Amino acid sequence: MDNLKSTLTLIICLSILTIPTSSHSPAKISYSEHCNSIVEESTSNGHELPLDFLYLDGGYYKGGQKFLSNQTPDYLKSAYFYTRSLSKTDTEGVLKVQASLGFIDGQIYQPHKNSTILKSRHHGQQVFRDGREGSIRFEMQGFWSESAGKLCMVGTGHGLSEEGDYIQLSAVTKINYPKRSDIHTSIVTGTVESIDSEDSSSYFNPVSVLGFSQKTYSYSMATEIEGMFGGGDYKGEESLRLEPHVSVCYMFMLLESRVFQLNYRSNCSAGKCSPFDGFLHQYMSVGGSKCSNDGKMRMFLRFSNLSTSWMGVTLIPETVLVAEGVWDEKKNQLCMVGCPLKNFEGSLAEIHVGDCSVGLSLTFPKVWSLKMRSPALGSIWSLRKSNESEYFDRIGFRSLSRPILVSDLKYNYTESGQVKNSCADKDMKRNRSGRRFPDGSSFIGMRFDMSLKTRSSRASGSATPLSIGQVFFDQYTTRHFASSSISESNIKAPVSHNLLNVSYSIYISFRDNNTSEVMKISAEGIYDAETGTLCMVGCRSLAFDGEKAVKNTTLDCKILININLAPYNSKAGEKLKGTIRSTRETKDSLHFDELELSSHDIYGIEAEETISRMDLEITMVLISLTLACLFAGLQLYYVKKHPDVVPSISIVMLVVLTLGHMIPLVLNFEAFSFKDHKRQNLTPWSGGLLETNEVLVRVIIMVAFLLQFRLLQLTLSARFAESSKKNLWDAEKKASRVCLLLYLFGGLVAWLVHSKKFKHTESPVALASTSQHSSWKDLRSFAGLVLDGFLLPQILMNLFWDSKDKALVPSYYGGTTIVRSLPHAYDAYRAHRSLPHVNSTYFYAEPGWDLYSAIWDVIIPCGGLLFAFLIFLQQMFGGAFILPRRFRQSAEYEKVPVVSG
């Protein structure tokens, strides 16, 4: 999810960077007039400094109306500030700064008559109002006083007007940015004010800015933390120990998402459940995390009801704690103190850090189980006394990320006995002899997508193995990692030496009209590789009901999962089947209807075999296209050496060949790509090679197209320049007419065959849809046949002109004929060897682009070789040589040198 956030933020920032830069230099705005009273102007001495400080982390803003919306949700507001150049000046302690400052209004704008519809990216809610706001970017320069911690700059930028035009803006920026800071001075505040008059079209309301970031930071609370509290809720021996060269920041970096789910206690008093006036937020996000070399860490924590943030983690003051702490090597946990912000009712410039009255602890568990599956967890509690107003009860939190794969990680299987009593005896002994099932040694052999249904609804989902024995799997990279404590007893289940302990993560999505619901189930149990039976106990996560937290009850573990995997090389109609059912009584509020699941997914081993087959096919595609480029290049080299034969090349033939390369490019190379639903089954196992190969194939086919097009261009130029061979055009026209008649006749035959094929279809709807799809396929196949017979126009033109010119080099017409014949030879081989395929997905010899069958695989190559032989005879003995003697006509034409250039 962090990758998604980073990508979206990058896209938005790049879109802002594309806004036209100001045509006026910031120097034209008088710095002394607006800023001298804050930091006196000085002259730079040219001594440049590093740019690794003077920036905002988690920037947030308020104000800026007319160009920034005051109706935008806080979580969609973001500010950024970074220096472009930093240099010393003649005044000691004063630095000259050139910087970029911007505000991102993260709305989607759609004009609707005289109003604008604001759509929130997250909630989809709409707000109608007049006017149109957007993001702003400034380029500014000014001076920063290290001693006073004051920064003042002037500059210009652009904003989006109500009419949708970019208007130049002028502004002065004043930021309080101390050179050194601690937890109490860790917040950066400032204002941006318009220099223009209020009645100007470029005027905007003042913007106040809040941020978190300094280079020189002093951990003032670290020594107090060690003796402030006894620790968190997790035992040190059950937590991962950090190696000497590993920092806690590095462990945070390994987390897929720095978002934690909050769990409140059921007995917390009214108004004393949260540090924020009793508001029960669902999630806590980490921002601005930085570490020192001695194990200390600082960050800010934002509480919200969003499991992700489109604009990154921003410093929304009403819901933020700034924190610092130290890693306790004895207890294997991070101990921290947090401080809420104060005075956020007014301007952001008045905000400051309050009393540090919140304790936090965090640890990285090394033992996972059915009920504990989090790479990081901890708790938050109040350091106040229970009778004080700011006191709140302890809050637990856990990371939503996948496991951190380290050697100390273990999985504790606790439900093998329950599984054995529930379904192992009666289902795992079912005889399925003679079939081969996944053996549990591969991630890709055990993962599957599924469709689910109940009496009243349908859903879709996926089941992903977390561990098999003590081998953990990374579902995103398909990597696995074995625990250093792995043993035979950890791999095999205690009920039988043939059974495997397994754990799964199951994700189910229910969709009903405009609503959606997600069910997340953690499962563990036993897998029998001999019968393909997977029996597990599951725990579903109970999150929030509206704005109320489900206190104390966070898991429903009365779920039984029984799945029968389909065997490899399964028969037609044989598929994975199973059930997910609640063992609670029907009247229980946590009971749910039984879910019947099924899946037509291919297994990982079949995917690997298919990928191997497709590797072979795409290799043949690359070889064929490379040979096509080579043969076209040899023909171009030949005509350069013999320009007098260029007019004798059939233009129709070159058009057919050029279109043969152009059409797949225009259709986005449909012949060599998967349909979306087919790609999802294969691309996770391909490691991205299929996508890379597709790009490479597109590049080579583009080269082949350009070479053929160049040959067509040279032929047309030579034909128009060869005025003494006007009869060439007559021969070309006659050949074109005959080819057109043959093509029309062939197309008519294909249409008649197609019509006969579907005339007995009973359903008109089925007839229309199926016939339309098949007619397009038949048309493409016939077009492939025309391309296979690409030499026909050249043969006919040679015949009508009785040419003896050696217009085509043998490597061109012979080599291209072989390239066109190779797919049919491969198709015959593929049918004979019964190579694996998935949903009729092909990279080479794709039936939708040509005629493939046992008879066509013989006719087309033989016909192509016959055409190539006729060209050979015509270029040696004359175009009419193939006709009986009495039909031959002698015709001689004066040959005139072709004017090059």
Side-chain angles (χ1 to χ4, degrees), residues 1-2 225 229-235 238-240 248-249 251-268 272-276 278-289 297-309 313 316 319-325 327-328 331-340 357-369 371-383 391-404 520 522 539 541-544 547-555:
M1 198 61 71
D2 276 358
I225 289 174
F229 48 82
D233 302 323
Y234 216 74
K235 297 180 180 179
E238 296 181 358
S239 303
L240 292 176
V248 65
C249 276
M251 298 296 288
F252 266 85
M253 184 183 68
L254 294 180
L255 294 175
E256 172 201 2
S257 170
R258 294 166 186 83
V259 179
F260 297 82
Q261 186 177 31
L262 300 172
N263 297 318
Y264 298 87
R265 290 191 173 185
S266 59
N267 59 350
C268 64
K272 292 190 176 182
C273 294
S274 167
F276 303 104
F279 287 107
L280 302 185
H281 300 98
Q282 301 181 41
Y283 301 100
M284 178 181 72
S285 303
V286 175
S289 57
M297 186 177 188
R298 64 189 178 99
M299 63 179 71
F300 67 87
L301 306 170
R302 195 188 82 185
F303 293 72
S304 70
N305 290 328
L306 300 175
S307 60
T308 183
S309 178
V313 184
I316 302 175
T319 60
V320 164
L321 296 175
V322 294
E324 72 172 44
W327 178 260
D328 190 328
K331 299 175 182 177
N332 295 329
Q333 66 179 2
L334 178 65
C335 302
M336 305 191 75
V337 167
C339 318
S357 58
V358 179
L360 301 98
S361 67
L362 178 141
T363 188
F364 303 97
K366 68 177 179 181
V367 180
W368 283 41
S369 64
K371 298 180 181 180
M372 209 306 295
R373 292 190 180 183
S374 180
L377 54 81
S379 58
I380 308 170
W381 64 93
S382 175
L383 298 177
Y391 173 83
F392 61 91
D393 287 336
R394 185 179 294 265
I395 305 170
F397 62 85
R398 61 187 181 90
S399 172
L400 302 177
S401 299
R402 60 183 186 265
I404 300 174
K520 297 179 181 179
S522 302
C539 293
S541 175
L542 303 177
F544 284 67
E547 295 182 356
K548 293 185 177 180
V550 178
K551 302 171 184 176
N552 245 9
T553 307
T554 58
L555 291 174

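Positions are given from 1, in the same order as the sequence printed here. Predicted, not measured: the structure shown is a model, and the values here were computed from it.
- For the atom pair CZ (Arg258) and OG (Ser401), the distance works out to 8.0 Å, reported to the nearest 0.5 Å.
- Here the shortest heavy-atom pairing between Met297 and Cys249 reads CE-SG, 4.0 Å.
- Rounding to the nearest 0.5 angstrom, the gap separating the CG atom in Leu301 from the OG atom in Ser285 is 9.0 Å.
- Ser257 contributes a side-chain N or O that, together with a main-chain N or O of Val259, makes up a donor-acceptor pair within less than 3.5 Å.
- Between the side chain of Ser374 and the main chain of Ser399, a donor-acceptor pair closer than 3.5 Å is present.
- A distance of 12.5 Å separates CZ in Arg302 from CE in Met284, rounded to the nearest 0.5 Å.
- Across every non-hydrogen atom of Leu383 and Gly359, the tightest pair is CG-N, 3.8 Å.
- The shortest heavy-atom contact between Phe364 and Val248 is CE1-CG2, 4.2 Å.
- Annotation: the span from Ser522 atom OG to Arg373 atom CZ amounts to 4.5 Å, rounded to 0.5 Å.
- Ser379 and Arg394 are linked by a side-chain donor-acceptor pair at a separation below 3.5 angstrom, with hydrogens and angles left out of the test.
- Counting heavy atoms from C-beta outward, Phe260 and Arg398 have side chains that stay 4.5 Å or more apart.
- Put simply, the side chain of Thr363 does not reach to within 4.5 Å of the side chain of Leu334, judged on heavy atoms.
- Using modelled atom types, no side-chain atom of Ser239 and backbone atom of Lys366 make a donor-acceptor pair closer than 3.5 Å.
- Between atom CD of residue Gln261 and atom NE2 of residue His281 there is a gap of 14.5 Å, rounded to the nearest 0.5 Å.
- No side-chain heavy atom of Ile395 sits under 4.5 Å from any side-chain heavy atom of Trp381.
- A heavy-atom distance below 4.5 Å is found between the side chains of Leu321 and Phe276.
- Residue Val337 comes nearest to Leu360 through the heavy atom pair C-CD1, 4.1 Å, listed as atom of the first residue, atom of the second, then distance.
- Between the side chain of Asp393 and the main chain of Cys273, no donor-acceptor pair closer than 3.5 Å is present.
- For Phe303 and Tyr283, the ring centers are positioned 6.0 Å apart or more.
- At least one side-chain heavy atom of Met251 sits under 4.5 Å from a side-chain heavy atom of Ile404.
- Using a 4.5 Å heavy-atom cutoff, the side chains of Pro375 and Leu255 are in contact.
- Considering CD1 of Ile380 and CG of Asn263, their distance stands at 10.5 Å, rounded to 0.5 Å.
- In this structure, Phe392 and Pro275 have side chains that are in contact, with non-hydrogen atoms separated by less than 4.5 Å.
- Heavy atoms only, all atoms of each residue included: Gly325 and Met336 are closest at N-CE, 3.7 Å.
- In this structure, Pro340 and Val320 have side chains that are not in contact, with every pair of non-hydrogen atoms separated by 4.5 Å or more.
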